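Reviewing the structure listed below.
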Amino acid sequence: MALGRVVRRVLRIGTALRVKTSARLFKTEGVLCRRAAPLGPMPNAGIDLENLESLEKYRSYTRYVQVAEKTNNKEVWWKTYRKYTETEHDHDFEPVNIGLPHCRPSRKVEVKERIRVTKQNKNNSDLERATRLRTFRIPLDRVKAEWEKTNGPHHIQRLAEHYGIYQDLFPMAYFVPRVMLRVAYGDDSSAMVHYGNHLSPSQASLAPHVSFEAEENSLWTLLLTSPDKCFYFHRGNIPGNAVHSGQEVCQYIAPFPTKGTGYHRYIFLLFKQEVLVDFSSDLLPSPCYSLKKRSFKTLEFYRKHEDLITPAGLAFFQSQWDSSVSDAFLTRFNMREPVFEYDRPPVYHPPQKKYPHGQPLRYLDRYRGGKEHTYGIY
């Protein structure tokens, strides 16, 4: 009897506790599910769902796009998906243009020149005859010269942004290359440096031929650097466009992209100097094959001389490992070549048998394309 009373009392207490816990849970869920009133009209609140035929028809896709853009630009009280996903950009940290200022001619001068050229072409009978007979040819040199004066600098800037040159060399800064930099390797200038083309280290083994248009009394600085490698070449205080007459701060060596690291960017930068610059602190012995001394940061160099130099020209190429890099590490740097990829040895196959017994049907495929004599492969 006593045991039965104890069991009934325990069950009664458990039932009471369960009721209190359920009540507490119900109260918590009620607080969490409580929603505040909207701060304005809800989306599509004015649409009658039972009478959709009364809605105004767009009648054309252009009309639909116009209404959609107007609705998208309209301020609403709720947060859209784009506002949740897009990061807020701080306007105080927009990229700064550190290049040369551009003095564009007036619009009237451009229009007068265009009208003059149009009249001249209309009065040219030879041009009219060549156009009518479809024998007229436009010289590419003139097209390139016109491109360099008009849209070329902006196209080069977009290419440099695509390859991440500005963000790696000049973080939060950029410049428009107003001076066209022409760089070529080889005695016959067969390997030209454009804007991201591929050149092998063997092609760039010797110092390049660099040319650009400059005034006689102007001073320039030429820099070759790589954000992917401790690579550095510097020639400063160049009078006019006589590159070889400038001060050699760091001697040129061939690119040496290590094996397994992919393509490396090699960037030629041309700076315009205001006055003669003292590069004695950057001067390296010639020749210099110390990778530690050749470690170079373009941003630190520019910050040190930013009051005296202004970036004006740009050209760059990409290079990947070839066999000449191994010789460079052995002979020039006197060190073991770092390799970042695994060279798998060829699969070993025992000598082929003329009459194989118990071998699969694809036995002969193991020996195809080899240098040794094989049997039964035609």
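All figures in this text were calculated on a predicted structure; none of them were measured in a lab. Throughout, residue positions are numbered sequentially from 1 according to the sequence presented.
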Notebook entry, point to check: Taking it one step at a time, do His198 and Tyr263 satisfy side chain to side chain contact (heavy atoms under 4.5 Å, CB included)?
Noted result: CA-CA 9 Å; His198 175 255; Tyr263 288 97; 3.1 Å; yes
Margin query: Checking the side chain of Asn121 only, and the main-chain atoms of Val117 only, is there a donor and an acceptor separated by less than 3.5 Å?
Written below: yes
Notebook entry, point to check: What pairs with Gln167 under side-chain hydrogen bond (donor to acceptor under 3.5 Å, both in side chains), at least two apart in sequence or on another chain?
Noted result: none
Item checked: Pair Glu146 + Lys149: basic N to acidic O under 4.0 Å -> no
Notebook entry, point to check: Roughly how far apart are Ile253 CD1 and Phe233 CZ, rounded to 0.5 Å?
Noted result: 11.0 Å
Check: Is atom CE of Met335 surrounded by more than 12 heavy atoms (other residues, nucleotides or ligands) closer than 6.0 Å?
Finding: yes
Notebook entry, point to check: Around Asn72, counting heavy atoms of other residues, nucleotides and ligands shown, do more than 12 lie under 6.0 Å from its CG?
Noted result: yes
Notebook entry, point to check: Just wondering, are more than 12 heavy atoms of other shown residues or ligands nearer than 6.0 Å to NZ in Lys119?
Noted result: no
Next item on the list: Take Val249 and Tyr232 through the test side chain to side chain contact (heavy atoms under 4.5 Å, CB included) and record every step on the way to the result.
Entry: CA-CA 10 Å; Val249 182; Tyr232 173 46; 4.1 Å; yes
Note to self: Return the CZ to CD distance between Arg116 and Gln120, rounded to the nearest 0.5 Å.
What the structure shows: 5.5 Å
Next item on the list: Give a yes or no on whether the ring-centroid distance for His305 and Phe271 is below 6.0 angstrom.
Entry: no
Check: Does the pair Arg63/Glu56 count as a salt bridge with the N-to-O cut at 4.0 Å?
Finding: yes
Next item on the list: Taking the six-membered ring for Trp and the single ring otherwise, decide whether the centroids of Tyr195 and Phe317 are under 6.0 Å apart.
Entry: no
Notebook entry, point to check: For Ser202 and Ser205, does a side-chain donor sit closer than 3.5 Å to a side-chain acceptor?
Noted result: no
Check: What pair of heavy atoms forms the shortest contact from Leu169 to Pro227, and how long is it?
Finding: CD2-CB, 4.2 Å
Note to self: How long is the straight-line distance from OG of Ser324 back to CD of Gln203, given to the nearest 0.5 Å?
What the structure shows: 10.0 Å
Margin query: For Lys293 versus Pro285, what's the shortest heavy-atom pair and its separation?
Written below: NZ-CG, 4.4 Å
Checklist line | Transitive ILVMFWY side-chain link Ile156 to Trp220, under 4.5 Å | finding: no
Next item on the list: Measure from the side-chain N and O atoms of Gln157 to the backbone N and O of Val176, and report whether any donor-acceptor pair falls under 3.5 Å.
Entry: no
Check: Thr310: what forms a side-chain hydrogen bond (donor to acceptor under 3.5 Å, both in side chains) with it, not counting sequence neighbours?
Finding: none
Notebook entry, point to check: Does the pair Asp282/Lys304 count as a salt bridge with the N-to-O cut at 4.0 Å?
Noted result: yes
Checklist line | Heavy-atom pair with the smallest gap, counting every atom of Pro177 and Phe175 | finding: CD-O, 3.5 Å
Check: Are Glu148 and Arg182 ion-paired here, with the side-chain N under 4.0 Å from a carboxylate O?
Finding: yes
Next item on the list: Run the numbers on Thr258 and Val325 for side chain to side chain contact (heavy atoms under 4.5 Å, CB included), then give the verdict.
Entry: CA-CA 7 Å; Thr258 50; Val325 178; 5.8 Å; no
Check: Partners of Ser323 by side-chain hydrogen bond (donor to acceptor under 3.5 Å, both in side chains), sequence neighbours excluded?
Finding: none
Margin query: Can you tell me how far apart NE2 (His155) and CG (Leu159) are? Round to the nearest 0.5 Å.
Written below: 9.0 Å
Note to self: Can you confirm whether or not the ring centre of Trp321 sits under 6.0 Å from the ring centre of Phe256?
What the structure shows: no
Notebook entry, point to check: So, Gln273 and Asn237: side-chain donor and acceptor under 3.5 Å apart, yes or no?
Noted result: yes
Item checked: Derivation of the side chain to side chain contact (heavy atoms under 4.5 Å, CB included) call for Ile267 and Leu224 -> CA-CA 6 Å; Ile267 306 162; Leu224 172 59; 5.6 Å; no
Check: Side chains of Asp278 and Ser280: do they bring a donor and an acceptor to under 3.5 Å?
Finding: yes
Margin query: How about OH on Tyr64, more than 12 heavy atoms from neighbouring residues, nucleotides or ligands closer than 6.0 Å, or not?
Written below: no
Check: Heavy-atom count around Asn334 CG within 6.0 Å, excluding the residue itself: above 12?
Finding: no
Check: Is the count of non-hydrogen atoms from other residues, nucleotides or ligands lying under 6.0 Å from Asn217 atom CG greater than 12?
Finding: no
Note to self: Measuring from atom OG of Ser245 to atom CZ of Arg235, what distance do you get when rounded to the nearest 0.5 angstrom?
What the structure shows: 8.5 Å
Item checked: Phe170 and Tyr166 aromatic centres sub-6.0 Å -> no
Check: Any chance the rings of Phe316 and Tyr266 have centres within less than 6.0 Å?
Finding: no
Checklist line | Pairwise distance CZ(Phe301) to OG1(Thr221) - rounded to 0.5 angstrom | finding: 5.5 Å
Notebook entry, point to check: Is the distance between the ring centroids of His234 and Phe296 less than 6.0 Å?
Noted result: no
Next item on the list: Flag yes if more than 12 heavy atoms outside Arg336 fall under 6.0 Å of its CZ atom; otherwise flag no.
Entry: no
Item checked: Pair Glu306 + Arg303, salt bridge at N-O below 4.0 Å -> no
Notebook entry, point to check: Do side-chain atoms of His209 reach the backbone of Gly186 as a donor and acceptor pair under 3.5 angstrom?
Noted result: yes
Next item on the list: Step through the shown structure and confirm whether more than 12 heavy atoms of other residues, nucleotides or ligands are within 6.0 Å of CD1 on Ile138.
Entry: no
Next item on the list: Measure from the side-chain N and O atoms of Arg294 to the backbone N and O of Cys288, and report whether any donor-acceptor pair falls under 3.5 Å.
Entry: yes
